[in-house]
Amino acid sequence: METILTTGGLGYIGSHTAISLIKNGFNVLIIDSLKNSKQNTLKNIEKIIKNEKAEKKGKLFFRKGDLRNESWLEKIFQEFKDENHPIKSVIHFAGLKSIGESIIKPLEYWDNNINSTLCLLSVMSKFSCYKLIFSSSATVYKTNIKNKITEKDLLDPINPYGNTKFCIEKILEDIFKSDKKKWKIACLRYFNPCGAHHSGLIGEDPLINHLNIFPTLLKVIEKEIDKLPIYGSDWPTKDGTCIRDYIHVMDLAESHLASLIYISRNKPNFIHLNIGTGKGVSVLELIKTFSKVNKCIVPYYFTNRRQGDAAIVVADNKLAIKIIPWKPQRDLNDICRDTWSWFINNNKS
Ligand SMILES: NC(=O)c1ccc[n+]([C@@H]2O[C@H](COP(=O)([O-])OP(=O)(O)OC[C@H]3O[C@@H](n4cnc5c(N)ncnc54)[C@H](O)[C@@H]3O)[C@@H](O)[C@H]2O)c1
């Protein structure tokens with residue numbers, strides 16, 4: 001069984017991906033500093049895995065630490081090599097991800113996101129580990145693209161967070177070019193990940209506040225805030241609110257499994273893939289679906305547009321569907337239902 005290192009693997013996307021990998025027979029080593037995640041997620045991943053029906057399940061390992069500690073990271077690679085579980089591939093989720101916070105603390109974002117990647121790449125090279133999947137983001141694209149965004153569209157991030165993702169993609173390109181016979185790298189550009197595992201045991205649980213719509217919507221349900229802010233009512237869209245591409249986190253998780261299998265079976269390469277559903281949903285449509293599926297009321301109000309927002313951000317996902325291959329299996333109803341189960345479960349005292 002191959003061992004995959006997932007950096008930042010106790011976070012939102014990494015925890016869901018661990019389930020996909022383990023039930024498909026991969027061993028998963030999670031390294032996480034717990035800067036934006038909680039240790040009890042590990043127990044919940046284990047619970048889910050126990051209940052999964054699978055022919056051959058992989059094992060789960062965890063080491064707490066910061067990727068920027070290169071000598072420590074090297075020891076972990078050595079430890080797994082010595083114990084006959086050499087790390088053969090890495091999925092690099094670790095990073096700080098709040099756009100708003102990155103504007104206030106750019107140095108922290110550059111230091112954490114770039115230096116952790118540099119340490120990781122250096123240790124991977126030392127241990128001849130050349131398969132890498134990187135968590136990139138739709139924020140690398142120029143924002144005012146009218147049609148669905150393809151991988152060939154212009155890149156022009158407009159905030160420090162997006163700049164770090166762009167910069168890491170460039171570092172990876174340089175690494176690949178330095179020895180095109182070795183590296184197999186896929187940059188997955190996620191659109192709007194949301195939803196939760198259907199068990200309700202894991203979901204989006206950030207320690208650092210960020211303005212994604214679902215965590216904010218749940219704060220309204222919890223009555224932590226009165227109403228959901230909708231940024232702008234006069235966008236050039238069918239109902240005046242922004243349109244986004246909401247992808248279920250388990251579909252996203254499965255795209256990592258598919259990408260890993262794809263890069264493993266193919267010759268060294270450096271690719272970018274949009275990971276989204278290809279379907280646009282407006283903020284008002286999302287609220288309506290959430291209320292209907294979960295039989296609840298979501299009070300909202302309109303406020304000013306946010307700087308840097310765009311009317312429509314939807315993925316052209318044809319390339320991923322064609323080459324890895326992979327296809328989203330879940331819809332907005334599933335996203336709303338699973339978010340609710342996670343919310344109810346997470347709020348049990
Ligand atoms: N969630 C989204 O909306 C979204 C969209 C596009 C891209 N991404 C990217 O996907 C990746 C995963 O996102 P997520 O939503 O799971 O985020 P998350 O914050 O839930 O998970 C990231 C994890 O990385 C850990 N971490 C951060 N810096 C670290 C370091 N130096 N060493 C070790 N661990 C470290 C954090 O503790 C956290 O558990 C991130 O790189 C993010 O930028 C996320």
Side-chain angles (χ1 to χ4, degrees), residues 5-19 29-42 45 62-70 72-73 76 90-102 105 108-120 123 132-141 149 157 159-169 172 187-197 202-216 244-250 252-253 255-256 272-276 313 315 335 339:
L5 164 61
T6 66
T7 72
L10 276 194
Y12 176 42
I13 302 166
S15 55
H16 291 80
T17 304
I19 290 159
L29 161 62
I30 293 176
I31 288 184
D32 202 302
S33 63
L34 302 185
K35 169 93 181 162
N36 196 31
S37 50
K38 298 174 187 158
Q39 176 111 27
N40 74 347
T41 301
L42 193 66
I45 298 173
F62 174 64
R63 297 289 182 274
K64 182 183 169 204
D66 195 303
L67 284 180
R68 287 168 293 180
N69 187 344
E70 194 172 329
W72 171 80
L73 187 61
I76 306 257
V90 176
I91 307 183
H92 183 30
F93 297 105
L96 298 175
K97 66 165 179 180
S98 160
I99 291 178
E101 193 186 52
S102 80
K105 301 175 178 172
E108 197 180 319
Y109 272 66
W110 280 101
D111 175 28
N112 189 74
N113 294 0
I114 304 301
N115 288 330
S116 59
T117 306
L118 293 176
C119 288
L120 174 69
V123 177
L132 176 68
I133 293 172
F134 169 59
S135 296
S136 191
S137 162
T139 52
V140 296
Y141 290 111
I149 299 174
N159 51 62
Y161 166 72
N163 287 336
T164 65
K165 292 288 171 194
F166 176 78
C167 179
I168 294 169
E169 286 198 4
L172 297 179
C187 295
L188 304 189
R189 294 176 179 154
Y190 312 152
F191 278 66
N192 287 67
C194 44
H197 188 265
I202 57 170
E204 190 167 16
D205 198 11
L207 300 175
I208 300 168
N209 205 6
H210 69 125
L211 297 174
N212 280 6
I213 192 157
F214 276 94
T216 315
R244 294 290 178 271
D245 183 335
Y246 298 101
I247 176 160
H248 195 293
V249 66
M250 283 311 296
L252 184 57
S255 76
H256 293 81
H272 306 93
L273 295 172
N274 283 345
I275 307 292
V313 183
I335 289 174
T339 302

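Numbering starts at 1 and runs along the sequence shown. Atoms within a ligand are numbered from 1 in the order they appear, just like the ligands themselves.
Note on ligand 1: Pro206 sits outside its first shell, no heavy atom being nearer than 4.0 Å. By the 4.0 Å heavy-atom criterion, Cys194 is excluded from the residues contacting ligand 1. Using a 4.0 Å cutoff on heavy atoms, His92 does not count as a contact of ligand 1. At least one heavy atom of Ser136 sits under 4.0 Å from some atom of ligand 1. Note on ligand 1: Thr7 sits outside its first shell, no heavy atom being nearer than 4.0 Å.
Under a 4.0 Å N-O distance rule, the pair Glu101/Lys35 does not qualify as a salt bridge. Under a 4.0 Å N-O distance rule, the pair Asp111/Arg68 qualifies as a salt bridge.
Ligand-side atoms of ligand 1 in range of Ser135: 9 (C), 10 (O), 11 (C), 41 (O), range being under 4.0 angstrom from any heavy atom. Close contacts of ligand 1 with Gly65, meaning ligand atoms under 4.0 Å from a residue heavy atom, involve 32 (N), 33 (C). Contact atoms of ligand 1 toward Tyr161: 6 (C), 7 (C), 8 (N), 9 (C), 42 (C), 43 (O) (distance under 4.0 Å to a heavy atom of the residue). Annotation for ligand 1: atoms under 4.0 Å from non-hydrogen atoms of Asn212 are 3 (O).
Atom 11 (C) of ligand 1 has as its closest protein heavy atom Phe93 O, 3.1 Å. Looking at atom 21 (O) of ligand 1, its nearest protein heavy atom turns out to be Gly11 CA, 3.4 Å. The nearest heavy-atom contact from the protein to atom 16 (O) of ligand 1 is Ile13 N, 2.8 Å. The single protein non-hydrogen atom nearest to atom 2 (C) of ligand 1 is Pro193 CG, 3.6 Å, given as residue, atom name and distance. Ranking the protein heavy atoms by distance from atom 35 (C) of ligand 1 puts Ser33 OG, 3.3 Å first. Looking at atom 32 (N) of ligand 1, its nearest protein heavy atom turns out to be Leu67 N, 3.1 Å. Of the protein's non-hydrogen atoms, Asn112 ND2, 3.0 Å is the one closest to atom 28 (N) of ligand 1. Looking at atom 38 (C) of ligand 1, its nearest protein heavy atom turns out to be Asp32 OD2, 3.6 Å.
Without hydrogens or angle criteria, Asp32 side chain to Ser37 main chain gives no donor-acceptor distance under 3.5 Å. One N or O on the side chain of Thr7 and one on the backbone of Ala94 form a donor-acceptor pair closer than 3.5 Å. Using a distance-only test at 3.5 Å, with no hydrogens or angles considered, no donor-acceptor pair links the side chain of Asn159 to the main chain of Ile99.
By the 30° and 60° cut-offs, the orientation of the rings of His92 relative to Phe134 is tilted. Between His256 and Phe93, the ring planes lie tilted relative to each other; the angle falls in the 30° to 60° range. Using bins of under 30°, 30° to 60° and over 60° for the plane-to-plane angle, the ring pair Tyr161/Tyr109 lands in the perpendicular bin.
Considering only non-hydrogen atoms, atom 18 (P) of ligand 1 lies nearest to Asn36 out of Asn36, Leu73, Asp205. The residue among Lys35, Lys97, Lys165, Arg189 with a heavy atom at the shortest distance from atom 15 (O) of ligand 1 is Lys97.
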* Give the intermediate values and the outcome of side-chain contact (heavy atoms from CB on, under 4.5 Å) for residues Leu120 and Leu5. => CA-CA 11 Å; Leu120 174 69; Leu5 164 61; 4.1 Å; yes

* To do: Please assess Cys187 against Leu172 for the test side-chain contact (heavy atoms from CB on, under 4.5 Å), listing each intermediate value before the final yes or no.
  => CA-CA 9 Å; Cys187 295; Leu172 297 179; 4.0 Å; yes

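Looking at ligand 1, you won't find any N or O of Ser116 less than 3.5 Å from one of its N or O atoms. On a distance-only criterion, Asp66 and ligand 1 share at least one N/O pair closer than 3.5 Å.
For the 3.5 Å distance criterion, the side chains of Tyr12 and Asn212 fail to qualify, holding no donor opposite an acceptor.
With a heavy-atom cut-off of 4.0 Å, Leu34 touches ligand 1 through its backbone alone. Neither the backbone nor the side chain of Glu204 has any atom closer than 4.0 Å to an atom of ligand 1 (non-hydrogen atoms only).
Once rounded to the nearest 0.5 Å, the distance linking OG of Ser135 with CD1 of Ile13 reads 6.0 Å.
Across all their heavy atoms, Ala315 and Asn274 have their closest contact at CB-CB, 4.1 Å.
Between Val123 and Ile76, every side-chain heavy-atom pair lies at or beyond the 4.5 Å cut-off.
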